[in-house]
Structure formats: structure tokens, C-alpha cells
Amino acid sequence: MFGPVTTVMTFADDPEKSARWWADQLGAEVHLDIDGESVYAWLTTAGVEIGFHQADDDRNPRGGSPVVYWAVADLDAARGRLLAAGCVHHRGPLTVSEGRRICQIIDPFGTVIGLEGP
């Protein structure tokens, strides 16, 4: 059901500044997706996207654990299976680019898990 980890998302007060700091450490290029006041910044290293999303006290607290995104062949099917097994909805599904969708669920133990796939 699960493929490789594709994305690790962290939450920061200044996503672009955080991404630029990590990019300097890792010798990577920063990419930005700006939607109004919302900024998602990311870089790719070792085939994994390291994402920096705006912190939000209710949904994505600063200093919270990173969210690991698992690649899945069918996002809706994987999400449905995990919800039926006791997980609860957290965010999404969202289309982040052509053919790329993500969602977050919370497992029965309180861990936020991301899924990424078509």
C-alpha cells in the first residue's frame, strides 16, 4: 500500500526564511508557492521534498512534529482504508499540482500522517 516517503513537511512562522536556511545547509534550491499571504516553500534533497508551511496555532502549530507523506498509488483508496481502520480526517485532500494530491489523517494514537498520490 505504501511507497517511499516523498515529503516531510514542517511548520514555521516564516516558511521562506526556514527553507532558505535549510537550502544553504544542504546546497539545495528553494522553490516557492505563494497564494495571497500563504507561502509554501520547499527544497528537494536525496529525492525527498522538505516543505515549510505557515504555522497555525489551530491546525499546524510551530514546533510541531514534521508530517511525513507516504506515496500511494490511489490516494482516495488509501485514505478510505485508513479511515475505516480507525484514523480520522485532518486536512485535504488537496490538489497541489497537476496529478499530485495530498491529505493528512490522524492515526488512533494522535500522529498526523500525510498521503500523496493521484
Side-chain angles (χ1 to χ4, degrees):
M1 180 166 130
F2 288 92
V5 171
T6 58
T7 305
V8 175
M9 186 181 298
T10 61
F11 304 101
D13 288 329
D14 188 335
E16 182 177 354
K17 184 176 181 179
S18 296
R20 292 199 183 284
W21 186 89
W22 277 104
D24 285 346
Q25 308 314 306
L26 299 170
E29 179 182 350
V30 172
H31 304 276
L32 297 173
D33 183 4
I34 302 172
D35 183 16
E37 292 182 23
S38 177
V39 174
Y40 179 68
W42 74 95
L43 53 104
T44 303
T45 186
V48 176
E49 179 177 306
I50 309 296
F52 301 86
H53 196 283
Q54 184 66 48
D56 176 301
D57 289 333
D58 294 324
R59 298 186 320 177
N60 304 312
R62 53 191 76 46
S65 296
V67 176
V68 174
Y69 282 77
W70 293 93
V72 295
D74 182 330
L75 185 119
D76 295 321
R79 181 176 179 270
R81 178 177 171 196
L82 291 169
L83 290 173
C87 292
V88 296
H89 167 79
H90 186 58
R91 298 187 68 201
L94 304 169
T95 300
V96 294
S97 62
E98 184 69 32
R100 182 177 179 210
R101 297 169 59 224
I102 62 170
C103 72
Q104 294 176 353
I105 57 172
I106 302 172
D107 75 11
F109 314 100
T111 303
V112 177
I113 302 292
L115 303 175
E116 177 178 327

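None of the values given here were measured: they were computed from a predicted structure.
- Under a hydrophobic-cluster definition in which Ile, Leu, Val, Met, Phe, Trp and Tyr are linked whenever side-chain heavy atoms come within less than 4.5 Å, directly or via other members, Val48 and Ile113 are assigned to the same cluster.
- Side-chain atoms of Ile50 and Trp22, non-hydrogen and from C-beta on, never get closer than 4.5 Å to each other.
- In this structure, the side chains of Tyr69 and Val8 stay at 4.5 Å or more apart for every pair of heavy atoms.
- Both Leu83 and Val72 are members of a single hydrophobic cluster when ILVMFWY side chains are connected at heavy-atom separations under 4.5 Å.
- Distance CG/Asp76 to CG/Leu115: 10.0 Å, rounded to 0.5 Å.
- Leu94 and Val88 fall within the same hydrophobic cluster, where Ile, Leu, Val, Met, Phe, Trp and Tyr residues are linked whenever their side-chain heavy atoms come under 4.5 Å apart, directly or through other members.
- When all heavy atoms are compared, the tightest approach of Phe52 to Leu43 is CE1-CD2, 4.0 Å.
- Contact detail for Pro108 and Gly86: the closest heavy-atom pair is CG-O, 3.7 Å.
- Here the straight-line distance linking atom OH of Tyr40 with atom CG of Asp35 works out to 14.0 Å at 0.5 Å rounding.
- For the residue pair Thr7 and Glu116, the shortest heavy atom distance occurs at OG1-OE1, 3.0 Å.
- Val96 and Val39 fall into different hydrophobic clusters, where Ile, Leu, Val, Met, Phe, Trp and Tyr are joined by side-chain heavy atoms under 4.5 Å apart, directly or via other members.
- Between His53 and Phe11, the ring planes lie perpendicular to each other; the angle is over 60°, past the 30° to 60° tilted range.
- The two atoms that bring Ala41 and Pro15 nearest to each other are CB-O, 3.7 Å, heavy atoms only.
- Gln104 pairs with exactly one of Arg91, Arg79, His89 by the side chain to side chain contact (heavy atoms under 4.5 Å, CB included) rule, that one being Arg91.
- Atom CH2 of Trp42 sits about 11.5 Å away from atom CD of Glu16, to the nearest 0.5 Å.
- In terms of heavy atoms, Val30 sits closest to Ala23 at CG2-CB, 3.4 Å.
- For the pair Ala55 and Asp13, the tightest heavy-atom approach, listed with the atom from each and the gap, is CB-OD1, 4.0 Å.
- When the side chains of ILVMFWY residues are joined at heavy-atom separations under 4.5 Å, either directly or via intervening members, Leu26 and Val68 end up in a single hydrophobic cluster.
- Taking the side chain as every heavy atom from C-beta outward, Ile105 and His90 never approach each other to under 4.5 Å.
- The distance from the CG atom of Asp14 to the CZ atom of Arg20 is 10.0 Å, given to the nearest 0.5 Å.
- Residue-environment remark: CZ (Arg81) stays at or below the threshold of 12 foreign heavy atoms within 6.0 Å.
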